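Here's the structure we're looking at; comments come further down.
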Number of protein chains: 2
Amino acid sequence: MTGTQREPLTRERLFAAAIAVADTGGIAALTIRSVAAELGVKPMSLYHHVANKEAIIDGIIDVVFGEIDLPPEDVGWRPALNHRAHSARAVLRRHPWATPFMESRSRPGPATLRHHDAVLATLRRGGFPIELAGHAYSLLDSYIYGFALEEAALPFTPQNLNQSMAGFMEQFPAEEYPHLVEFAVQRVLQPGYDYADEFDFGLELILDGLERRLPG
Amino acid sequence: MTGTQREPLTRERLFAAAIAVADTGGIAALTIRSVAAELGVKPMSLYHHVANKEAIIDGIIDVVFGEIDLPPEDVGWRPALNHRAHSARAVLRRHPWATPFMESRSRPGPATLRHHDAVLATLRRGGFPIELAGHAYSLLDSYIYGFALEEAALPFTPQNLNQSMAGFMEQFPAEEYPHLVEFAVQRVLQPGYDYADEFDFGLELILDGLERRLPG
DNA sequence: CCTTCCGGTCGTACTAAGTACGGCGTACTT
DNA sequence: AAGTACGCCGTACTTAGTACGACCGGAAGG
């Protein structure tokens with residue numbers, strides 16, 4: 001059409017555009033039309049590369065899984081799982097819209113399957129009996145996803161914390177929720193507080209507990 | 001219109017209908033039109049009771065919070081938190097669509113605030129210094145929500161497990177994911193396996209770890 | 001070089017959903 | 001009996017997913 005040659009559309013470019021849209025505007029902004037616009041293309045063109053919007057979600061979730069580092073194989077199970085947990089959290093922080101979908105795809109992609117396989121391998125190689133490996137995986141991922149969910153939901157960042165907290169606490173009668181107020185004043189509003197720091201406490205507690213439950 | 005007198009519409013009836021719709025058809029089925037139909041009323045009638053669809057979500061999430069038992073005050077912190085965790089999980093199992101929204105409301109309702117206040121009270125009364133109370137709350141809720149998210153996402157139930165697993169494993173070349181296959185065959189497909197049982201392992205591990213970190 | 005064919009893009013249009021605007025009936029007040 | 005206010009709804013506009021089939025440009029074959 002114009003003189004500038006257009007990159008040909010591919011599933012990869014489509015998914016990248018979809019992720020860019022979701023990163024910018026949240027999952028609600030992810031529409032067939034917005035992705036098409038991001039790509040400089042008309043909506044119906046996407047349907048030659050994906051079956052429908054569901055397939056786009058499937059695709060971008062697998063891309064997100066691919067961004068998470070696999071547990072390194074050259075260290076013990078504990079540092080390996082620690083590394084993978086921090087990587088997962090960093091990725092979910094970059095793509096906060098993704099968390100609710102990570103485990104909900106009925107057609108997991110190859111990166112997803114490879115990831116799960118590698119984590120199970122780490123556990124088994126680390127000496128976890130199969131049952132304990134299942135417990136450990138469930139616990140770790142529940143924590144990681146749950147934490148990502150909470151972090152994504154926080155209405156404040158360390159920067160705007162004071163303002164949003166003030167507006168927040170005007171909404172309700174403080175006397176009715178004394179412990180909430182105590183926690184806000186004595187903890188959240190103290191200098192240096194950052195919810196992100198909570199992640200390591202839970203992760204280390206969980207890894208401690210798993211180590212303690214390892215046989216032999 | 002007809003002879004049968006119609007119940008007057010209220011926010012409470014509206015929220016109850018919305019929850020019924022979501023429980024039946026998932027969050028995607030929750031539309032202004034479907035809620036109106038559930039109530040035997042026309043769509044625009046709802047707008048006399050709520051500002052918009054967001055306000056309906058706000059409302060039903062507060063109702064869901066209200067269904068969760070507060071930690072009982074007449075027992076120690078550990079059984080109290082255990083009780084509240086199981087109650088939360090049971091509620092989120094009943095309303096699986098709710099999990100991603102539980103912490104994402106920028107206008108939490110009274111049941112939500114009361115709930116958070118009561119949990120903090122339990123921790124503080126149990127001897128948790130304020131910082132540890134924050135750690136504990138973040139960890140517990142991350143785990144509970146994360147677990148609920150995973151449980152809601154599982155494509156199988158104990159009943160249909162074998163069939164869905166079989167269909168599932170045909171989708172990919174088994175040799176590429178040996179640990180996934182091992183886990184499926186040696187664990188998930190064994191009689192008596194129920195993902196729901198994983199909840200207690202993690203919860204007890206977390207409560208153990210918290211107890212261990214309590215001062216004095 | 002021209003024709004044929006095909007993969008990929010797009011125009012049109014239908015359906016579902018959120019919701020703005022204003023009408024209208026019923027029941028209670030005075 | 002007339003006014004009034006509240007709550008219900010008819011209509012219609014906008015955005016979104018997507019079915020259907022047309023169109024176009026380059027590759028393949030004569």
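Every chain is numbered from 1 and lettered A, B, ... according to where its sequence line falls, protein lines coming before strand lines. Atom set for the values below is all heavy atoms of this structure, side chains included, hydrogens, waters and symmetry mates excluded. For clarity, every value in this text was computed on a predicted model and none was experimentally measured.
For H48(B) and dC9(D), the NE2 to P distance is 11 Å, given to the nearest whole Å. Taking atom CG on L46(A) and atom P on dC20(D), their separation rounds to 18 Å, with Å as the unit. Nucleotide dC10(C) holds its C1' atom 12 Å from the CG atom of L9(A), rounded to whole Å. When the C1' atom of dG23(C) is taken as reference, atom NZ of K42(B) falls 15 Å away, rounded to whole Å. Rounded to whole angstrom, the span from the CD atom of E38(B) across to the P atom of dA17(C) amounts to 15 Å.
For dT30(C), the paired base is dA1(D) (Watson-Crick or G-U wobble, both distances below 3.5 Å).
Note on residues 133-148 of chain A: pairs passing salt bridge (charged side-chain N to carboxylate O under 4.0 Å, His left out), not counting sequence neighbours, are R84(A)-D141(A). Evaluation of the salt bridge (charged side-chain N to carboxylate O under 4.0 Å, His left out) test over residues 14-39 of chain A, restricted to residues two or more places apart or in two chains, returns none. The salt bridge (charged side-chain N to carboxylate O under 4.0 Å, His left out) contacts involving residues 53-66 of chain B comprise E54(B)-R105(B), D58(B)-R105(B), where partners must be two or more places apart or lie in separate chains.
OP1 and OP2 of dG7(D) both lie 4.0 Å or more from every side-chain N or O belonging to S45(B). A sub-4.0 Å separation between OP1 or OP2 of dC8(D) and a side-chain N or O of H49(B) is present.
In terms of the side-chain hydrogen bond (donor to acceptor under 3.5 Å, both in side chains) criterion, R11(B) has no residue partners (sequence neighbours excluded). For H179(A), the ring-ring contact (aromatic ring centres under 6.0 Å, His included) criterion is met by no residue, not counting sequence neighbours.
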Any protein N or O atoms within reach of nucleotides 18-20 of chain C? Criterion: under 3.5 Å, listing atom names and distances.
| from | atom 1 | to | atom 2 | distance (Å) |
| --- | --- | --- | --- | --- |
| dG18(C) | OP1 | K53(B) | NZ | 2.9 |
| dG18(C) | OP2 | I32(B) | N | 2.7 |
| dG18(C) | N7 | R33(B) | NH2 | 2.5 |
| dG18(C) | O6 | R33(B) | NH2 | 2.7 |
| dT19(C) | OP2 | Y47(B) | OH | 2.9 |
| dT19(C) | OP2 | K53(B) | N | 3.0 |
| dT19(C) | O5' | Y47(B) | OH | 3.4 |
| dT19(C) | O4 | R33(B) | NH2 | 3.3 |

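Taking the ring centroids of F147(B) and Y195(B), they lie under the 6.0 Å cut-off.
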